[in-house]
Number of protein chains: 2
Amino acid sequence: MDSLLKRINLEIAAIGGKRSRSRAQVIEVFFRTGPHATLEDLAQAVRKRNRTVGYATVYRTMKLLAKLGYAKELDFGDGLKRYESNLESHHDHLVCQECGLVSEFQEPRIESLQEQVAKQHGFLPTMHRLDIYGLCRQCAVAGKKEN
Amino acid sequence: MDSLLKRINLEIAAIGGKRSRSRAQVIEVFFRTGPHATLEDLAQAVRKRNRTVGYATVYRTMKLLAKLGYAKELDFGDGLKRYESNLESHHDHLVCQECGLVSEFQEPRIESLQEQVAKQHGFLPTMHRLDIYGLCRQCAVAGKKEN
DNA sequence: CTCCATAGTGAATTTGAATTTCATTATCAT
DNA sequence: ATGATAATGAAATTCAAATTCACTATGGAG
Ligand SMILES: [Mn+2]
Ligand SMILES: [Mn+2]
Ligand SMILES: [Zn+2]
Ligand SMILES: [Zn+2]
């Protein structure tokens with residue numbers, strides 16, 4: 001974590017940036033917070049530790065982390081941007097439309113089929129997004145009982 | 001097309017709605033326009049035919065078509081809502097990050113693997129979104145030449 | 001160390017697509 | 001025809017996100 005922050009600061013310096021306490025705090029909170037946190041979530045968590053940090057800095061820092069490749073921007077269609085660490089391996093998402101639970105999965109066969117599809121279209125893929133929406137186990141069971 | 005509008009009007013009546021000239025024009029333009037049109041695109045097209053139609057009516061009508069199941073809302077992450085007809089069969093999208101070209105594909109093996117994944121997680125899927133981002137054939141070629 | 005160009009900050013403001021409001025008009029069952 | 005109410009369009013509002021700007025902090029040059 002400390003070495004991670006050091007590495008990030010090096011990269012920031014490499015592109016002509018300086019260090020700052022606020023930004024370091026945002027980065028630390030981000031990597032300590034669970035995945036799929038909204039900007040609001042992150043801002044709350046940061047400001048709980050240091051009230052003086054402004055929303056703008058949280059927003060700017062997350063954009064920066066995304067640019068450097070450390071964070072991924074997510075959008076599950078609820079009008080809120082979410083972020084997750086890009087250090088863990090690639091995965092896709094199951095999003096519960098009832099309770100908002102987001103779970104993750106990996107399916108190499110889907111990944112490879114996507115590559116095939118892209119190739120067939122002469123398309124050079126750089127990323128993809130696969131979100132499956134529906135009801136999580138809990139909410140599916142609860143829904144059945146209501147009938 | 002005419003019978004489609006009639007069918008839609010019947011469904012609208014069934015839920016206590018009335019008909020209107022403006023709405024009929026929006027619906028007609030929507031089904032005549034290519035897929036993945038933004039709300040702005042649709043509003044422009046409608047107003048080209050009839051200046052008096054307000055943006056609000058275009059927006060409301062598209063939301064209504066989505067609710068009735070005739071239109072699908074799309075979001076390719078550029079901050080603009082897009083709509084496509086839901087009468088054609090399901091497909092996913094290849095989105096060029098350079099020129100904006102959106103192409104479509106169907107891959108039943110991916111669809112079926114998604115079902116499997118959902119089932120494994122006790123998840124009851126209602127829909128999914130798979131977008132592959134990258135460079136279309138044209139832009140990939142153009143990019144190579146620049147190096 | 002001191003200087004100082006410039007990156008970073010946070011409060012406040014702005015942006016911009018989408019939605020909502022509201023007074024008016026259009027639809028349609030009776 | 002009448003009246004209840006759905007639909008309209010201009011304008012106002014919403015809201016997350018981005019931007020502005022006066023000020024502060026950083027860090028390389030000398
Ligand atoms: Mn995730
Ligand atoms: Mn499509
Ligand atoms: Zn759930
Ligand atoms: Zn292209």
Side-chain angles (χ1 to χ4, degrees), chain A residues 5-6 8-30 36-44 46-68 71-83, chain B residues 5-6 8-30 36-44 46-68 71-83:
Chain A
L5 185 57
K6 236 165 224 157
I8 293 174
N9 273 332
L10 274 179
E11 286 190 39
I12 290 173
I15 59 174
K18 298 174 179 174
R19 284 174 305 164
S20 95
R21 180 151 190 63
S22 293
R23 188 158 59 191
Q25 289 176 324
V26 174
I27 295 174
E28 205 177 318
V29 164
F30 167 60
H36 323 131
T38 65
L39 280 167
E40 179 65 25
D41 291 339
L42 292 169
Q44 291 296 334
V46 171
R47 289 163 65 84
K48 195 169 151 189
R49 175 183 300 199
N50 176 357
R51 273 281 191 79
T52 74
V53 177
Y55 277 74
T57 296
V58 179
Y59 281 47
R60 283 188 284 235
T61 300
M62 293 316 301
K63 264 249 168 322
L64 177 61
L65 282 183
K67 195 175 73 169
L68 295 180
K72 229 189 219 156
E73 276 186 333
L74 304 178
D75 174 7
F76 295 138
D78 58 358
L80 266 34
K81 258 182 196 164
R82 292 159 191 280
Y83 284 92
Chain B
L5 185 59
K6 236 165 224 159
I8 293 174
N9 273 330
L10 273 179
E11 284 192 39
I12 289 174
I15 60 175
K18 296 174 181 176
R19 285 175 303 166
S20 94
R21 179 153 188 64
S22 293
R23 187 158 58 194
Q25 289 175 325
V26 174
I27 294 174
E28 204 176 319
V29 163
F30 167 61
H36 322 134
T38 64
L39 280 166
E40 180 66 24
D41 291 339
L42 292 169
Q44 292 297 332
V46 169
R47 289 163 65 84
K48 196 168 149 191
R49 176 183 298 199
N50 176 358
R51 275 281 191 78
T52 74
V53 177
Y55 277 72
T57 296
V58 178
Y59 282 46
R60 282 188 285 235
T61 299
M62 292 315 302
K63 265 249 167 328
L64 177 61
L65 283 183
K67 195 175 73 168
L68 295 180
K72 229 190 219 156
E73 277 187 331
L74 305 178
D75 173 8
F76 295 138
D78 58 357
L80 266 34
K81 258 182 196 165
R82 292 159 191 280
Y83 284 92

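This is a predicted model, so every value here is computed, not measured.
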* Of all heavy-atom pairs between A:A71 and A:M62, which one has the smallest distance, and what is that distance? -> CB-CE, 4.1 Å
* **Candidate nucleotides C:dG10, D:dG9, D:dA16, ranked by approach to the side chain of A:Y59 - the nearest** => D:dA16
* Could you check which of C:dA17, C:dG8, C:dT19 has an atom nearest any side-chain atom of B:L80? => C:dA17
* Asked: Which one, C:dT6, D:dT8, D:dA17, comes nearest to the side chain of A:K18?
  -> C:dT6
* Checking A:N9 side chain against A:K6 main chain: does a donor-acceptor pair fall under 3.5 Å? -> no
* Can you check the A:R21 CZ to C:dG10 C1' distance for me, whole Å? -> 16 Å
* Rounded to the nearest Å, what distance is computed from the CG atom of residue B:N50 to the P atom of nucleotide C:dA26? -> 13 Å
* Can you tell me the distance, in whole Å, between the CD atom of B:Q25 and the P atom of D:dT8? => 10 Å
* Structure fact -> Taking C:dT9, D:dA7, D:dT8 as options, the one with an atom nearest any side-chain atom of B:I12 is D:dA7
* To do: Report the distance from atom OH of A:Y55 to atom P of C:dT13, rounded to the nearest whole Å.
  => 17 Å
* **Integer-rounded Å distance: C:dT9 P and A:L64 CG** => 9 Å
* To do: Take A:L39 and A:R60, find for each the nucleotide of DNA chain D with the closest heavy atom, and name the residue whose nucleotide sits nearer the 5' end.
  => A:L39
* Structure fact -> CG (B:D41) and CZ (B:F30) are apart, to the nearest 0.5 Å, by 12.0 Å
* Figure out the CZ/P separation between A:R19 and D:dG27, and round it to whole Å. => 4 Å
* **Between D:dA16 (P) and A:L42 (CG): distance, integer Å** => 15 Å
* Asked: Are A:K63 and D:dA17 close enough that a side-chain N or O sits under 4.0 Å from OP1 or OP2?
  -> no
* Structure fact -> Among the nucleotides C:dG10, C:dG8, D:dG9, whichever has the atom closest to the side chain of A:R23 is C:dG8
* Asked: Any side-chain N or O of B:S20 less than 4.0 Å from the OP1 or OP2 oxygen of D:dA6?
  -> no
* Asked: Starting at CD of A:E40 and ending at C1' of D:dA18, how long is that distance when rounded to a whole Å?
  -> 16 Å
* Where the side chain of A:R60 meets the backbone of A:R23, is there a donor-acceptor pair that is under 3.5 Å apart? -> no
* Give the nucleotide from the list C:dT9, C:dA11, C:dT19 with an atom nearest to the side chain of A:A56. => C:dA11
* If you take all heavy atoms of A:K81 and A:K63, which pair is closest and at what distance? -> NZ-NZ, 3.4 Å
